Number of protein chains: 2
Amino acid sequence: MTVTLADVAARAGVSPATVSRVLSGNYPVAEATRARVLRAVDDLDYVVNGPASALAAANSDLVGILVNDIADPFFGIMAGAIQSEMGPAAPPAADVWGVGQAPGGPQGRAATGPAGPATAAEKLAVVCNTNGSPERELTYLTLLQRQRAAAVVLTGSAADGPEHTERLAAKVARLVAAGTRVVLCGRPPVAGALALTFDNRGGARRLTEHLLTLGHRRVGYIAGPAERTTTRHRLEGHLAALAAHGLPAQAPGTQPGGDPAAAEPPPLVVHGAYDRASGYDAACELLRREPGITALVAANDTVALGACAALRDMGLSIPRDVSVTGFDDLPFSADAAPALSTVRLPLYEAGARAGRLALGREVPPPGGVAMIRAELMIRDSTAPPLAPGR
Amino acid sequence: MTVTLADVAARAGVSPATVSRVLSGNYPVAEATRARVLRAVDDLDYVVNGPASALAAANSDLVGILVNDIADPFFGIMAGAIQSEMGPAAPPAADVWGVGQAPGGPQGRAATGPAGPATAAEKLAVVCNTNGSPERELTYLTLLQRQRAAAVVLTGSAADGPEHTERLAAKVARLVAAGTRVVLCGRPPVAGALALTFDNRGGARRLTEHLLTLGHRRVGYIAGPAERTTTRHRLEGHLAALAAHGLPAQAPGTQPGGDPAAAEPPPLVVHGAYDRASGYDAACELLRREPGITALVAANDTVALGACAALRDMGLSIPRDVSVTGFDDLPFSADAAPALSTVRLPLYEAGARAGRLALGREVPPPGGVAMIRAELMIRDSTAPPLAPGR
DNA sequence: CTGTTAGCGCTTTCAG
DNA sequence: CTGAAAGCGCTAACAG
């Protein structure tokens with residue numbers, strides 16, 4: 001029925017082993033034989049049987065990418081970046097020994113070595129949508145483990161509970177033990193995995209400081225869903241800035257060991273999903289609680305846009321009546337009216353780096369953990385309050 | 001090293017065959033034995049070896065999803081919807097004999113064959129980012145074929161050239177021959193594949209008609225990249241509407257057999273990528289060519305937002321000075337200022353349906369092809385021109 | 001450089 | 001209902 005490697009071997013008049021060798025290109029084969037085999041492959045329209053080869057070689061060319069919401073550009077951008085690194089291996093065999101160098105520069109000798117792969121196998125990036133569910137995250141990890149994935153990249157915030165954290169750690173340990181490389185992109189480190197963490201706390205702190213410096217004193221905070229690391233870190237940064245200015249924040253996150261989710265949230269903080277609708281609702285709620293608010297800090301850009309819509313509908317002008325800030329700096333943020341002041345996270349660059357780490361194409365950072373800087377982007381949605389001070 | 005099915009069998013005191021049967025649940029096994037096996041699986045923390053089982057069973061639980069741009073919500077939404085259908089088969093045991101029904105309505109028999117699994121294996125949806133490159137599309141299809149994917153869903157516009165069309169058709173034929181189900185979502189039919197096509201032409205025609213009815217006569221068109229089916233269809237709809245109103249359009253797409261890409265584009269049409277930047281540039285270019293333009297029709301919402309930004313920067317008011325329309329109705333479109341008049345494509349619903357078709361969980365439409373309706377969404381970015389008529 | 005020989009871990013008839 | 005045995009298609013030592 002379907003054509004196999006044996007068929008190719010027969011047609012080329014060689015042994016199956018030889019065909020395998022020219023196909024994986026990791027072993028010297030006479031040029032003439034090689035050509036003959038390639039012709040046979042072509043004639044027969046042969047396509048390797050992935051499962052069979054994965055079984056025999058005890059490895060696969062699958063790389064898993066877990067995202068919380070594939071419809072959200074935040075994840076789309078990272079996923080795309082990760083995947084962009086999955087093409088045929090550029091680096092020559094010289095890098096096999098971990099002497100690696102940064103991409104972009106001259107690559108030194110194209111040491112094909114005794115048997116440099118003509119072209120390292122193309123990796124198949126598979127992105128899996130967890131919908132933010134810790135359960136599905138674990139399920140996908142098992143599925144990936146079952147496929148003997150070469151690597152797994154987990155993107156975005158993690159569930160914040162100790163229970164999930166532990167289960168995840170166990171799963172990661174098992175994956176790593178099975179030879180799967182695990183890299184985290186945008187979430188806190190886990191033993192055994194490489195991690196690229198975003199400076200959510202620092203970015204948030206500086207953003208709120210910007211508002212405070214402008215003169216705002218009553219600022220509302222629209223937080224993301226509780227029980228997510230990113231939500232917590234951004235909120236902590238915000239509260240830290242308030243505290244530094246001596247503002248009463250009832251900051252739960254600042255009590256060491258305190259569980260922010262369990263504690264009563266400060267009056268000017270409201271939680272919601274990372275989407276536009278919840279930004280809209282939260283803005284209404286906050287303005288209801290405290291009509292004197294002059295600035296709204298949103299958990300991310302999407303939420304901020306929802307908040308802007310709400311303010312507009314209330315007849316309030318941005319930033320004249322109320323300043324609004326986002327987080328992430330997604331492409332549309334610069335385009336909003338007014339352009340959104342936000343914190344830029346280098347999503348694409350981070351994703352690309354994570355992809356390289358997953359493939360072992362980049363030297364891991366010391367300790368296996370690197371912090372990605374967040375940069376303040378001040379645009380038109382923030383301005384001094386009409387009546388500065390309180 | 002890694003625990004295998006044989007280990008489980010040993011621990012449960014049964015044969016490997018029995019373990020296999022319990023795990024795939026497609027064969028009667030005594031309840032007691034079953035429980036013992038399950039316990040052993042649990043104790044040993046056993047995870048099936050995907051490749052091995054795929055090899056032996058000659059099928060895999062991978063489903064491929066090809067997208068042109070994973071960072072674009074247009075694709076993210078569809079991909080998420082498709083993936084949402086990949087969970088464990090919903091149909092209960094009663095359905096084992098194929099008496100089942102699709103979720104959401106009686107669908108006749110869901111031919112599961114004589115021995116449907118109690119719980120169909122969870123499918124692993126793998127989304128692959130082609131970046132709009134026909135080459136990569138073919139490459140991914142080969143990769144998926146190599147993995148013996150259970151199904152493949154191709155989303156969004158296809159490359160429009162006859163050469164690629166033919167190569168794609170050949171590839172699809174091969175996949176189908178190998179038992180992979182192929183479904184198209186948002187692109188024209190291909191022999192052997194199921195197709196859900198969007199009514200791009202009709203939607204575009206009605207959208208432009210809306211503008212014409214409002215009184216616009218000089219309307220610029222910002223087209224997507226040439227050589228893409230979606231680009232062509234939307235442009236054709238636009239030109240058809242102009243022609244129906246007796247407006248000189250120099251419509252290349254209306255000459256039967258004419259190659260739109262090769263022909264000189266009408267003066268008020270400019271092509272660009274499906275992104276914001278190109279919308280911005282195109283708007284500038286069109287206004288330069290024809291300052292009298294009173295309406296701009298963009299290839300999609302993202303492009304439209306770019307155009308809006310350009311108009312704003314020129315000091316033009318929307319819709320007072322210039323009306324703007326988009327296409328797709330992505331979530332952010334309702335939020336733009338002003339809210340965008342556009343054409344709504346039921347992306348999520350279409351994706352979900354495509355997912356069900358890919359899994360054989362829904363009866364295919366007659367002829368294997370269904371047209372998805374596009375709905376006009378008139379909001380605030382369109383209004384009559386200041387000086388109606390020409 | 002190339003052929004031979006064993007499996008990789010699981011599924012699946014075919015007999016009990 | 002359960003076990004035994006025969007591969008699925010490919011890779012990886014080993015010998016030539």
Side-chain angles (χ1 to χ4, degrees), chain A residues 1-38 40-41 44-61 112 114-115 117-118 121 145-148 178-179, chain B residues 1-38 40-41 44-61 113-115 117-118 121 145-148 178-179:
Chain A
M1 178 70 211
T2 143
V3 26
T4 78
L5 183 147
D7 300 331
V8 176
R11 186 172 231 273
V14 297
S15 76
T18 299
V19 177
S20 170
R21 292 199 264 254
V22 340
L23 258 26
S24 45
N26 55 6
Y27 214 81
V29 173
E31 194 43 58
T33 325
R34 179 190 170 68
R36 204 139 35 85
V37 170
L38 257 18
V41 166
L44 266 32
D45 214 13
Y46 170 70
V47 173
V48 190
N49 181 317
S53 99
L55 172 57
N59 70 40
S60 94
D61 48 9
T112 326
Q145 179 183 357
R146 165 182 313 180
Q147 299 296 332
R148 303 305 190 251
Chain B
M1 177 71 208
T2 145
V3 26
T4 77
L5 183 148
D7 300 331
V8 176
R11 185 173 232 271
V14 297
S15 74
T18 300
V19 177
S20 168
R21 295 199 260 252
V22 170
L23 261 25
S24 44
N26 56 5
Y27 212 83
V29 173
E31 193 43 58
T33 323
R34 178 189 169 68
R36 206 139 34 86
V37 170
L38 256 18
V41 166
L44 266 30
D45 215 13
Y46 170 69
V47 174
V48 190
N49 181 316
S53 100
L55 172 56
N59 68 41
S60 95
D61 48 10
Q145 179 183 358
R146 164 182 315 179
Q147 300 296 332
R148 304 303 189 249

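The sequence lines fix the lettering, A, B, ..., with proteins before strands; numbering per chain opens at 1. None of the values given here were measured: they were computed from a predicted structure.
Toward the 5′ end of DNA chain D lies the nearest nucleotide of Y27(B), the other residue of the pair A52(B) and Y27(B) mapping further downstream. Residues G13(B) and A56(B) both approach DNA chain D. Their nearest nucleotides, taken by heavy-atom distance, put G13(B) toward the 5′ side. Across the interface with DNA chain C, nearest-nucleotide mapping of A57(B) and L55(A) shows L55(A) to be the residue nearer the 5′ end.
Atoms CG and CZ, on D61(B) and R148(B) in that order, are 15.0 Å from each other to the nearest 0.5 Å. The structure places OH of Y46(A) at 8.0 Å from OG1 of T2(A), a figure rounded to the nearest 0.5 Å. Between the CD atom of E31(B) and the OG1 atom of T33(B) there is a distance of 8.5 Å, given to the nearest 0.5 Å. To the nearest 0.5 Å, atoms OG (S20(B)) and CG (N26(B)) are separated by 7.5 Å.
Evaluation of the salt bridge (Lys or Arg N to Asp or Glu O under 4.0 Å) test over residues 45-60 of chain A, restricted to residues two or more places apart or in two chains, returns D45(A)-R174(B). Sorted by first and then second residue, the side chain to side chain donor-acceptor pair (under 3.5 Å) pairs with a member in residues 4-18 of chain B read R11(B)-D43(B), S15(B)-T18(B); sequence neighbours excluded.
Chain B approaches DNA chain C over the interval dG9(C) to dT13(C), counting the first and last nucleotide 5' to 3' with an atom under 4.0 Å from its heavy atoms. Once you apply a 4.0 Å limit to the heavy atoms of chain B, the touched nucleotides of DNA chain D run 5' to 3' over dC1(D) to dG9(D).
Residues of residues 14-21 of chain B having a heavy atom closer than 4.0 Å to DNA chain D, listed by number: V14(B), S15(B), A17(B), T18(B), R21(B).
The two residues A9(A) and V19(A) make their nearest non-hydrogen contact at CA-CG2, 3.6 Å. In plain terms, the two heavy atoms of A12(B) and V37(B) that are nearest each other are CB-CA, 4.0 Å. Counting all heavy atoms, side chain and backbone alike, V48(A) lies closest to S53(A) at CG1-CB, 4.3 Å. In terms of heavy-atom proximity, A52(B) sits nearest to N49(B) at N-OD1, 2.9 Å.
S60(A) meets the side chain to side chain contact (heavy atoms under 4.5 Å, CB included) test with A54(A), L62(A); sequence neighbours excluded.
Helix bend of the helix from dC1(C)-dG16(D) to dG16(C)-dC1(D): the angle between its two end axes, each built from five pairs, comes to 20° after rounding to 10°.
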